[in-house]
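Shown next, in structure tokens, is the structure this report addresses.
Remember, predicted model here, so these are calculated numbers, not experimental data.
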Amino acid sequence: IPNICIVKSKLMISLLLFISASVNAQLNFNNLDSLLKYAEKNSSSIKINSQQSILAKWTKIAAIGNTINFRSPVSFSSTDNILLPVNFIPAEIFGGPAGSLKQVTFGQRYVSNFNFNPQLDIINPHAWAKVKSASVNRELTELNNLLTKKNLFESIAATYYNCISLQEQINIMQKSLIASDSILYIVQNKFTEGIVREQDLNNAKVNQLTVNDKVTQLKIMLEQQQNSLKILCDIPSSTQITLSESVITSSSAKNKASSNLNFRYSELQGALAKSELRANRFSMLPVLSLVYYQGWQQNSNTSFFDKNSSWIQSNYIGFRISVPFPPDVNKMSQSYTSKVNYRISKLNSSHIQLQNEFTNENLSLDLEKATSTFETTKRIVEL
């Protein structure tokens with residue numbers, strides 16, 4: 001009996017897990033907003049946009065840090081001068097004959113050095129200009145994320161309403177299929193009684209087959225659209241989705257399209273090209289740095305770290321001006337390229353502004369056309 005109880009418990013647990021998995025594998029969306037909210041939380045595109053924003057943020061922070069470009073090189077070396085170089089000096093210094101030379105070896109065999117040499121940029125025009133570029137790049141990234149989200153939501157909305165439309169078409173065609181079945185049944189009876197010709201019966205059969213094929217094709221198209229929707233929203237393939245939408249009974253579509261994201265994006269591209277041009281020009285200017293040096297040296301002919309030999313200390317502080325001379329050909333080429341890119345971005349921005357105006361106007365016209373069609377269709381239904 002205990003074994004039977006254990007088996008029953010395992011079966012109940014398995015059944016509960018199966019039911020739970022079945023519930024989790026079903027998603028219901030009652031309107032477009034609920035689907036967009038799901039996509040905003042689960043879409044890979046939006047998650048990637050979030051990571052790109054983080055990268056742009058840290059790029060700007062790094063650019064700000066590079067304005068001072070703090071460098072703190074620390075070095076340590078120990079050298080064993082196995083064979084010191086020989087120098088020749090006048091022998092008369094040591095009481096030798098004039099005009100003769102004496103071989104003398106200078107230096108210590110064991111030399112250890114420890115150096116601390118920090119540097120800090122005080123005036124660095126190129127690094128300052130790169131901060132502006134990083135700031136514009138961050139704005140550009142945020143705007144690009146909005147454009148990506150906009151395009152994603154537009155694709156989701158289009159696919160969603162395609163699914164809703166196909167579902168309604170399937171419902172209508174299934175009613176037509178029932179009607180064609182009834183017609184075929186009636187014509188079949190009339191043909192049996194000799195009231196109609198065989199051609200009439202064949203026409204009824206063709207009509208029934210055509211409607212049935214149409215239902216099959218619509219169901220396949222619906223499945224394809226649902227698969228596309230799953231890809232856009234990052235819904236697992238094993239998950240079943242149910243889409244529904246309340247029937248539209250009225251329309252007050254008087255809104256005018258006014259999106260300007262593409263134009264703003266082109267403007268920021270121009271601003272980025274201008275800041276890059278400025279940065280490349282400033283890269284050929286001098287850089288003023290504060291430098292400091294602290295060093296210790298120990299010399300010995302006995303061994304490394306000789307206890308009988310003291311460490312000799314030296315230090316200095318000062319300013320250093322670094323001048324790029326002669327001018328770097330690559331930097332000059334980059335500056336000229338940035339200048340051309342800036343001109344191109346200005347032309348592109350002007351064209352996109354015009355394109356944006358016509359796109360908004362065409363969207364408004366499309367909305368007006370769809371509204372007119374809807375109102376006309378509604379009147380036809382009433383008639």
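- Other residues sharing the hydrophobic cluster of F191, ordered by chain and number and joined by side-chain separations under 4.5 Å: I183, L184, V187, I195, V196, L201.
- Taken together through direct or relayed side-chain contacts under 4.5 Å among Ile, Leu, Val, Met, Phe, Trp and Tyr, I89 and L84 form parts of separate hydrophobic clusters.
- Sorted by first then second residue, the salt bridge (Lys or Arg N to Asp or Glu O under 4.0 Å) pairs that include residues 197-225, not counting sequence neighbours, are R197-D200.
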Can you give each donor-acceptor pair under 3.5 Å made by side-chain atoms of residues 307-317, sequence neighbours left out, with the distance rounded to 0.1 Å?
from, atom 1, to, atom 2, distance (Å)
S309, OG, N299, O, 2.6
N315, ND2, Q294, OE1, 3.3

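- Grouping the Ile, Leu, Val, Met, Phe, Trp and Tyr side chains by contacts below 4.5 angstrom, directly or via other members, places Y293 apart from F114.
- No continuous path of ILVMFWY side-chain contacts below 4.5 Å connects V323 to M284, so the two sit in separate hydrophobic clusters.
- The distance from the CD atom of Q108 to the CD atom of Q298 is 10.0 Å, given to the nearest 0.5 Å.
- Counting only N and O atoms by type, the side chains of D234 and S44 include a donor and acceptor under 3.5 Å apart.
- Identified under the side-chain hydrogen bond (donor to acceptor under 3.5 Å, both in side chains) test for residues 47-56, with sequence neighbours left out: S53-E142, S53-N145.
- The shortest side-chain heavy-atom distance between Y161 and L243 does not fall under the 4.5 Å cut-off.
- When only modelled atom types and interatomic distance are considered, N330 and Q334 share no side-chain donor-acceptor pair under 3.5 Å.
- Atom NZ of K37 has 12 or fewer neighbouring heavy atoms from other residues, nucleotides or ligands inside a 6.0 Å radius.
- Using modelled atom types, one side-chain atom of N42 and one backbone atom of Y38 make a donor-acceptor pair closer than 3.5 Å.
- Atom CD1 of I123 and atom CD1 of I68 lie 14.5 Å apart (nearest 0.5 Å).
- S300 places a side-chain N or O within donor-acceptor distance of the main-chain N or O of T302, the cut-off being under 3.5 Å.
- Pairs of residues two or more places apart, or lying in two chains, that qualify as salt bridge (Lys or Arg N to Asp or Glu O under 4.0 Å) and include a residue from residues 94-115 are D80-R109.
- Scored by the side-chain hydrogen bond (donor to acceptor under 3.5 Å, both in side chains) test, S338 finds N280 as partners (sequence neighbours excluded).
- I170 shares a hydrophobic cluster with L166, M173, L177, V211, V215, L218, M221, L222; the chain of contacts runs through ILVMFWY side chains whose heavy atoms sit under 4.5 Å apart.
- Atom OG1 of T159 and atom CD1 of I231 lie 9.5 Å apart (nearest 0.5 Å).
- No more than 12 heavy atoms of other residues, nucleotides or ligands shown are found within 6.0 angstrom of OH on Y336.
- Smallest separation of non-hydrogen atoms from S45 and T148: CB-CG2, 4.4 Å.
- The backbone N or O of Q167 sits less than 3.5 Å from a side-chain atom of N171, completing a donor-acceptor pair.
- Taking Ile, Leu, Val, Met, Phe, Trp and Tyr as hydrophobic and joining them when side-chain heavy atoms fall under 4.5 Å apart, one finds L209 isolated, its cluster having no other members.
- With rounding to the nearest 0.5 angstrom, the CG atom of N260 is 8.5 Å from the CD atom of E267.
- Inter-residue side-chain proximity for L229 and L35 is flagged as met; some heavy-atom pair is nearer than 4.5 Å.
- Taking all atoms of both residues into account, the shortest heavy-atom contact from A56 to R138 is CB-CA, 3.9 Å.
- Of all heavy-atom pairs spanning C233 and I156, the tightest one is SG-CD1, 3.7 Å.
- F282 places none of its side-chain heavy atoms less than 4.5 Å from the side chain of W128.
- Checked by atom type and distance alone, the side chain of N113 never pairs as donor or acceptor with a backbone atom of G295 at under 3.5 Å.
- No side-chain heavy atom of I164 sits less than 4.5 Å from a side-chain heavy atom of N162.
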Start with the C-alpha gap between I220 and T216, add the side-chain angles, then the distance that decides, and say whether side chain to side chain contact (heavy atoms under 4.5 Å, CB included) holds.
-> CA-CA 6 Å; I220 293 174; T216 302; 4.2 Å; yes
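- Applying the ring pair (Phe, Tyr, Trp, His ring centres under 6.0 Å) test to residues at least two apart or on different chains, none of the pairs has a partner in residues 45-93.
- Remark: F319 CZ is loosely packed, at most 12 non-hydrogen atoms of other residues, nucleotides or ligands lying under 6.0 Å away.
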Would S133 and E276 satisfy side-chain hydrogen bond (donor to acceptor under 3.5 Å, both in side chains), going step by step from the backbone distance to the final call?
-> CA-CA 6 Å; S133 295; E276 285 296 314; 3.1 Å; yes
Please lay out, stage by stage, how E368 and S372 fare under the test side-chain hydrogen bond (donor to acceptor under 3.5 Å, both in side chains).
-> CA-CA 6 Å; E368 184 179 347; S372 176; over 6 Å; no
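- Here the CD atom belonging to E168 is positioned 12.5 Å from the SG atom belonging to C163, to the nearest 0.5 angstrom.
- When hydrophobic residues (I, L, V, M, F, W, Y) are linked wherever their side-chain heavy atoms come within less than 4.5 Å, the members clustered with L143 are V136, L140, L146, L147, L261, Y265, L268, L272.
- Contact annotation: the side chain of N115 never approaches that of V74 to less than 4.5 Å [non-hydrogen atoms, C-beta and beyond].
- A salt bridge links E154 with K150; the closest basic N to acidic carboxylate O contact falls under 4.0 Å.
- Across all non-hydrogen atoms, the minimal contact from S335 to L277 is O-CD1, 3.3 Å.
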Show me the donor-acceptor pairs, under 3.5 Å and distance only, between side chains in residues 346-355 and residues at least two apart or in other chains.
from, atom 1, to, atom 2, distance (Å)
S349, OG, S266, OG, 3.4

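- In this structure, OG in S135 is found 3.5 Å from NZ in K60, a value given to the nearest 0.5 Å.
- In the model, N28 has a side-chain atom that pairs as donor or acceptor with a side-chain atom of Q26 under 3.5 Å.
- Under a hydrophobic clustering in which Ile, Leu, Val, Met, Phe, Trp and Tyr are joined whenever their side-chain heavy atoms come within less than 4.5 Å, directly or via other members, V291 and F116 fall into different clusters.
- Counting only distance, with no hydrogens or angles, the side chain of N31 and the backbone of S34 share a donor-acceptor pair below 3.5 Å.
- The two residues T105 and P85 come nearest to each other via the heavy atoms CG2-O, 3.7 Å.
- Here Y110 pairs with F304 under the ring-ring contact (aromatic ring centres under 6.0 Å, His included) rule; sequence neighbours left out.
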Mind running side-chain hydrogen bond (donor to acceptor under 3.5 Å, both in side chains) on Q208 and N212 for me, showing each step along the way?
-> CA-CA 6 Å; Q208 192 265 353; N212 187 58; 5.4 Å; no
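- Of all non-hydrogen atoms in G318 and L290, the two that sit nearest each other are O-CD1, 3.4 Å.
- Residues D121 and R71 meet the side-chain proximity criterion, which asks for heavy atoms closer than 4.5 Å.
- With a 4.5 Å cut-off on side-chain heavy atoms, T242 and L27 do not count as touching.
- Looking only at side-chain heavy atoms (C-beta outward), L152 and S43 come within less than 4.5 Å of each other.
- The main-chain N or O of L367 is found under 3.5 Å from a side-chain atom of T371 such that the two form a donor-acceptor pair.
- Not a single donor-acceptor pair under 3.5 Å links the side chain of T67 to the backbone N or O of A63.
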